[in-house]
Amino acid sequence: MEKKKIGTGKSQPTHSNNHNALEVMKPFLHFGVKAISVIGAALVTIVRNIPKPEADKPKNKKDGRIIKI
């Protein structure tokens, strides 16, 4: 049976500090831009579907008087 010694190997760094801020934040920026565009498209669709007050009035509405002959 082999015996293994714990902690004898060289430890390797798990995190390197050679990244600049743009490389680290790039996925978050992409997500933010896509989320804002989806929210904006939804708001534009909602505003377009709201009926305008002028749309309720008939355009060719005559005077409400009834003339009997």
Side-chain angles (χ1 to χ4, degrees):
M1 225 182 206
E2 291 184 27
K3 293 183 181 180
K4 294 182 181 179
K5 293 183 180 180
I6 298 174
T8 57
K10 294 181 180 179
S11 63
Q12 296 193 6
T14 57
H15 187 273
S16 63
N17 292 330
N18 295 335
H19 299 289
N20 61 7
L22 184 60
E23 288 179 10
V24 174
M25 296 302 291
K26 202 170 191 179
F28 299 105
L29 292 174
H30 282 286
F31 175 76
V33 169
K34 288 180 182 180
I36 289 173
S37 65
V38 168
I39 292 171
L43 288 175
V44 167
T45 304
I46 290 170
V47 169
R48 283 186 181 171
N49 289 329
I50 294 175
K52 296 180 181 178
E54 296 87 30
D56 293 339
K57 299 177 185 176
K59 293 180 180 178
N60 295 329
K61 184 178 179 183
K62 294 183 179 180
D63 200 18
R65 294 182 268 166
I66 298 173
I67 301 173
K68 293 183 180 180
I69 300 178

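All values below were derived from every heavy atom in this structure, side-chain atoms included, with hydrogens, water molecules and symmetry-related copies excluded.
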Sub-4.5 Å side-chain heavy-atom contact between Thr45 and Asn49: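 Thr45 reaches Asn49 side chain to side chain.
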
Interatomic spacing from NZ in Lys34 to CG in Leu29 - rounded to 0.5 Å: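 Answer for the NZ-CG pair, Lys34 versus Leu29, is 12.0 Å.
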
Criterion side chain to side chain contact (heavy atoms under 4.5 Å, CB included) on Val24 and Asn20, from CA distance to verdict: CA-CA 7 Å; Val24 174; Asn20 61 7; 6.0 Å; no

